[in-house]
Amino acid sequence: MTQLSAAQNAQSTTTASDANRALYGGKTNRRVTVRDIGLAKERGEKWPMLTAYDAMTASVFDEAGIPVILVGDSAGNCHLGYDTTVPVTLDEMTMLASAVVRGTKRSLIVADLPFGSYQEGPVQALRSATRLVKEAGAGAVKLEGGERSHEQIRLLVESGIPVMAHIGLTPQSVNAMGYRVQGRGEEAAQQMLRDAKAVQDAGAFAVVLELVPAELAAEVTRTLHIPTVGIGAGAETDAQVLVWTDALGLTPGRVPKFVKKYADLRTVMTDAVRDFAQDVVGGTFPSEEHSVH
Ligand code: KIV
């Protein structure tokens with residue numbers, strides 16, 4: 001199985017043995033579904049999510065058993081060379097999501113709705129999300145906003161498109177809110193709880209909490225029956241997501257405090273590229289071993 005539409009994903013039945021299979025480490029021969037994600041919360045199981053923007057990188061994560069891959073609009077900064085996520089277009093997201101779907105067999109693929117593709121209202125959101133599930137083959141979409149996006153979420157879910165919500169720091173609003181911790185202080189914390197409940201009530205199957213104080217993220221996680229996916233939101237969320245170029249050390253310069261670097265790919269790649277260049281300049285590549293006659 002190489003591709004499942006969102007509708008197939010949402011409808012695929014889960015057998016009794018699937019219901020007890022861990023999201024990470026309990027491999028099945030089918031794609032992870034949003035139902036599997038809900039069952040993981042019931043079991044109290046934590047799970048990892050990574051971003052990916054191309055088929056080959058996604059295939060590594062898929063083979064490593066990452067159950068959910070996010071084709072994030074962080075592609076703007078990490079893949080397309082923009083300064084923020086704001087310029088990313090729906091055409092670009094559709095192209096990147098298609099590649100990630102093609103490169104994977106088992107992970108649930110969640111594709112971001114980019115800035116400007118859903119803010120006008122539910123009908124625009126449905127039109128945009130339909131491209132991501134129909135053209136790209138994504139199993140679910142993600143959009144930013146709590147109470148302000150609940151109508152969009154409701155229509156997508158009613159139309160058979162699973163939605164992951166995203167509250168706290170919402171990078172598409174960088175021009176209005178900057179990159180600051182969200183939910184500090186009683187008033188802001190109460191608003192965060194209202195936003196979390198609004199997206200759950202609208203039918204979201206999970207919600208990303210970005211840059212939220214750990215204590216508040218823990219309270220949101222206890223309050224909701226859908227899973228929370230933390231990024232810079234402490235250890236108590238149901239899942240954790242990192243931008244892959246940050247986590248594997250490809251991002252140049254400083255990364256946010258909440259990022260743990262699991263590799264230093266930038267150094268590995270730079271050293272390898274310099275070795276190649278030296279071999280070419282010195283005439284040692286190609287050698288006989290790498291030549292045909
Ligand atoms: O676009 C993205 O990568 C995201 C994650 C930071 C959650 O939204």
Side-chain angles (χ1 to χ4, degrees), residues 37 47-54 57-58 61 66-90 92-97 99-100 107-119 128-129 132 136 138-146 149 152-153 162-174 177-183 192 195-196 199 204-212 217 220-221 226-234 237-248 250-251 255-261:
I37 305 293
W47 46 274
M49 175 164 113
L50 278 173
T51 66
Y53 318 110
D54 68 277
T57 310
F61 302 161
I66 296 295
V68 187
I69 294 180
L70 171 67
V71 189
D73 62 356
S74 50
N77 315 63
C78 306
H79 192 73
L80 296 170
Y82 300 131
D83 288 337
T84 70
T85 62
V86 174
V88 177
T89 66
L90 186 58
E92 287 166 336
M93 288 307 300
T94 306
M95 192 265 284
L96 301 179
V100 168
S107 311
L108 170 66
I109 308 304
V110 181
D112 253 338
L113 283 167
F115 180 64
S117 73
Y118 62 94
Q119 282 84 354
S128 303
L132 294 175
V141 301
K142 179 167 81 60
L143 55 78
E144 296 184 1
S149 296
Q152 281 89 331
I153 296 173
V163 178
M164 180 179 279
H166 183 156
I167 62 175
L169 176 74
T170 46
Q172 292 176 9
S173 308
V174 59
M177 65 163 59
Y179 293 113
R180 271 200 313 273
V181 178
Q182 299 296 306
M192 184 85 59
D195 282 335
V199 300
F205 73 93
V207 56
V208 170
L209 305 179
E210 181 164 354
L211 215 49
V212 174
V220 172
T221 302
I226 59 170
T228 55
V229 185
I231 176 162
T237 55
D238 298 297
Q240 295 288 334
V241 58
L242 283 176
V243 168
W244 89 262
T245 52
D246 292 346
L248 298 190
L250 191 58
T251 306
V255 291
K257 170 182 156 60
F258 58 77
V259 172
K260 178 171 174 185
K261 263 170 89 168

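All ligand and atom numbering here is 1-based and tracks the order in the structure. This one's a predicted model, so the numbers in the text were calculated from it and none came from an experiment. Every heavy atom of this structure was used, including side-chain atoms; hydrogens, water molecules and symmetry mates were not.
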Residues at least two apart in sequence or cross-chain that pass salt bridge (Lys or Arg N to Asp or Glu O under 4.0 Å) with D73, listed by chain then number, are none
Across all chains, not counting sequence neighbours, the salt bridge (Lys or Arg N to Asp or Glu O under 4.0 Å) partners of D238 are K41
Q. Would you say the side chain of L169 lies within less than 4.5 Å of the side chain of M177, judging by non-hydrogen atoms?
A. yes
Residue set satisfying side-chain hydrogen bond (donor to acceptor under 3.5 Å, both in side chains) with Q182, at least two apart, ordered chain then number -> none
### Task
Look at the rings of W244 and F61 and say which category their plane angle falls in: under 30° parallel, 30 to 60° tilted, over 60° perpendicular.
perpendicular
Closest non-hydrogen atoms of A52 and I69, given as atom of the first, atom of the second and distance, are CB-CG2, 3.6 Å
Please give the N or O to N or O pairs under 3.5 Å between ligand 1 and the protein, distances rounded to 0.1 Å.
from, atom 1, to, atom 2, distance (Å)
ligand 1, 1 (O), D73, N, 3.2
ligand 1, 1 (O), D73, OD1, 3.1
ligand 1, 1 (O), S74, N, 3.0
ligand 1, 1 (O), S74, OG, 3.3
ligand 1, 1 (O), D112, OD2, 3.1
ligand 1, 3 (O), S74, OG, 2.5
ligand 1, 8 (O), K142, NZ, 2.8

